[in-house]
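All heavy atoms count here, side chains included; hydrogens, waters and symmetry mates do not. Remember, it's a predicted structure, so these values are computed and weren't measured experimentally.
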Amino acid sequence: MDTVRGGAPGVDANGGITVNLNPYISFQGTARAALEFYHSVLGGDLQVDDFTAFPDMGIDPSETHLVMHGQLTTDDGLVLMASDTPSSMPYAAPAGISVSLSGDDADRLQAAWDGLSADGTVTMPYETPPWGGKFGMFQDKFGIDWMVALNGQAPAS
């Protein structure tokens, strides 16, 4: 695989992050349960705001309990955001995209696989692929597609 690098985009001269790319998942009434589930598996800090904190948004009073914005930030820097879509706004279930979790920490990735795939549908078992490491795919119990990849060893030159 060819890799092209021109420095570290999104990192300032002092090593601070200036730009982030994070998954933001839209749900229809299950964002709080999904975020609490992800938090129970991945750990970290979970912050959830519902529409009651923003009364001027024109949300139907029966839906103010829905999540306006939620963010899970783990101790190792993972960030996952989510919200509910009120009935007054168009909603389409996520399709054609997966949340990808990858790295070198075999125990962390195995625990994430075991927890996040529980009660979901495994579409590709978490096993050793031809390129090494481990890789698997599943749809979690909230209908979100995930990929988990343990980096393989680089071939000897």
Side-chain angles (χ1 to χ4, degrees), residues 1-11 15-50 63 65-87 89-157:
M1 170 170 47
D2 294 331
T3 303
V4 177
R5 295 181 192 215
V11 178
I17 297 175
T18 61
V19 177
N20 292 304
L21 177 65
N22 302 311
Y24 200 112
I25 305 171
S26 296
F27 292 93
Q28 196 167 36
T30 59
R32 184 179 310 274
L35 284 165
E36 289 172 354
F37 172 67
Y38 301 147
H39 180 242
S40 74
V41 174
L42 300 171
D45 179 48
L46 177 60
Q47 297 179 352
V48 178
D49 291 313
D50 59 30
E63 295 185 317
H65 67 284
L66 295 176
V67 173
M68 194 276 305
H69 175 75
Q71 180 170 321
L72 173 62
T73 305
T74 67
D75 295 340
D76 50 355
L78 304 176
V79 176
L80 182 65
M81 299 179 196
S83 64
D84 284 314
T85 304
S87 62
M89 298 178 182
Y91 173 79
I97 191 165
S98 297
V99 178
S100 178
L101 186 58
S102 59
D104 297 316
D105 188 334
D107 293 338
R108 173 87 161 124
L109 292 168
Q110 185 67 57
W113 173 271
D114 293 342
L116 294 169
S117 66
D119 299 322
T121 303
V122 172
T123 53
M124 179 179 288
Y126 189 52
E127 298 175 340
T128 302
W131 57 87
K134 286 182 88 172
F135 179 80
M137 300 187 304
F138 63 91
Q139 185 174 85
D140 72 22
K141 64 183 180 179
F142 296 97
I144 304 303
D145 292 325
W146 290 78
M147 296 187 299
V148 177
L150 173 64
N151 295 333
Q153 297 293 329
S157 326

Can you sort out the partners of T121 under side-chain contact (heavy atoms from CB on, under 4.5 Å), two or more places apart, ordered by chain and number? none
Between T85 and M89, is there a donor-acceptor pair closer than 3.5 Å when you use the side chain of the first and the backbone of the second? no
Would you say I25 and P94 make side-chain contact, with heavy atoms under 4.5 Å? yes
Drop me the distance from L116's CG to Q139's CD, to the nearest 0.5 angstrom. 13.0 Å
Looking at every non-hydrogen atom in both residues, tell me the closest pair between G44 and L72 and how far apart they are. C-CD1, 4.4 Å
Could I get the full list of side chain to side chain donor-acceptor pair (under 3.5 Å) partners for T30, not counting sequence neighbours? none
For residues Y126 and F138, determine if any side-chain heavy atom of one lies less than 4.5 Å from a side-chain heavy atom of the other. no
Is the shortest side-chain heavy-atom distance between V122 and W113 below 4.5 Å? yes
Between L35 and F27, does a side chain to side chain contact (heavy atoms under 4.5 Å, CB included) hold up when you go through it step by step? CA-CA 10 Å; L35 284 165; F27 292 93; 5.8 Å; no
How would you list, by chain and number, every residue that makes a side chain to side chain donor-acceptor pair (under 3.5 Å) with Q28, sequence neighbours excluded? none
Residues which pass side-chain contact (heavy atoms from CB on, under 4.5 Å) with S83, listed by chain and number, not counting sequence neighbours: Y24
Quick one: pull up CD in Q47 and CE in M81 and give me the separation to the nearest 0.5 Å. 10.5 Å
For E36, what residues pass the side-chain contact (heavy atoms from CB on, under 4.5 Å) criterion, not counting sequence neighbours? R32, L46
Identify, with sequence neighbours excluded, every residue that meets side-chain contact (heavy atoms from CB on, under 4.5 Å) alongside M68. F51, F54, M57
Taking only residues two or more places apart in sequence, or in another chain, which ones meet S117 in a side chain to side chain donor-acceptor pair (under 3.5 Å)? none
Applying side chain to side chain contact (heavy atoms under 4.5 Å, CB included), run through D145 and M137 and close with a yes or a no. CA-CA 7 Å; D145 292 325; M137 300 187 304; over 6 Å; no
Distance-minimising heavy-atom pair for A82 and V67: O-CG1, 3.9 Å
Can you list every pair that meets salt bridge (Lys or Arg N to Asp or Glu O under 4.0 Å) and has a residue in residues 115-124, with sequence neighbours left out? none
With sequence neighbours excluded, what pairs up with Y38 under the ring pair (Phe, Tyr, Trp, His ring centres under 6.0 Å) test? W146
For residues 97-112, please give each side-chain donor-acceptor pair under 3.5 Å, one per line with the distance, not counting sequence neighbours.
{"from": "D104", "atom 1": "OD1", "to": "N151", "atom 2": "ND2", "distance (Å)": "2.9"}
{"from": "D105", "atom 1": "OD1", "to": "D107", "atom 2": "N", "distance (Å)": "3.3"}
{"from": "D105", "atom 1": "OD1", "to": "R108", "atom 2": "N", "distance (Å)": "3.0"}
{"from": "R108", "atom 1": "NE", "to": "D76", "atom 2": "OD2", "distance (Å)": "2.9"}
{"from": "R108", "atom 1": "NH1", "to": "L42", "atom 2": "O", "distance (Å)": "3.3"}
{"from": "R108", "atom 1": "NH2", "to": "L42", "atom 2": "O", "distance (Å)": "3.3"}
{"from": "R108", "atom 1": "NH2", "to": "D76", "atom 2": "OD1", "distance (Å)": "3.0"}
{"from": "R108", "atom 1": "NH2", "to": "D76", "atom 2": "OD2", "distance (Å)": "3.3"}
{"from": "Q110", "atom 1": "OE1", "to": "K134", "atom 2": "NZ", "distance (Å)": "2.9"}
{"from": "Q110", "atom 1": "NE2", "to": "D114", "atom 2": "OD1", "distance (Å)": "2.9"}

How long is the span from the NE2 atom in H69 to the CG atom in D84, to the nearest 0.5 Å? 12.5 Å
Pair listing, salt bridge (Lys or Arg N to Asp or Glu O under 4.0 Å) test, anchored in residues 90-100, at least two apart: none
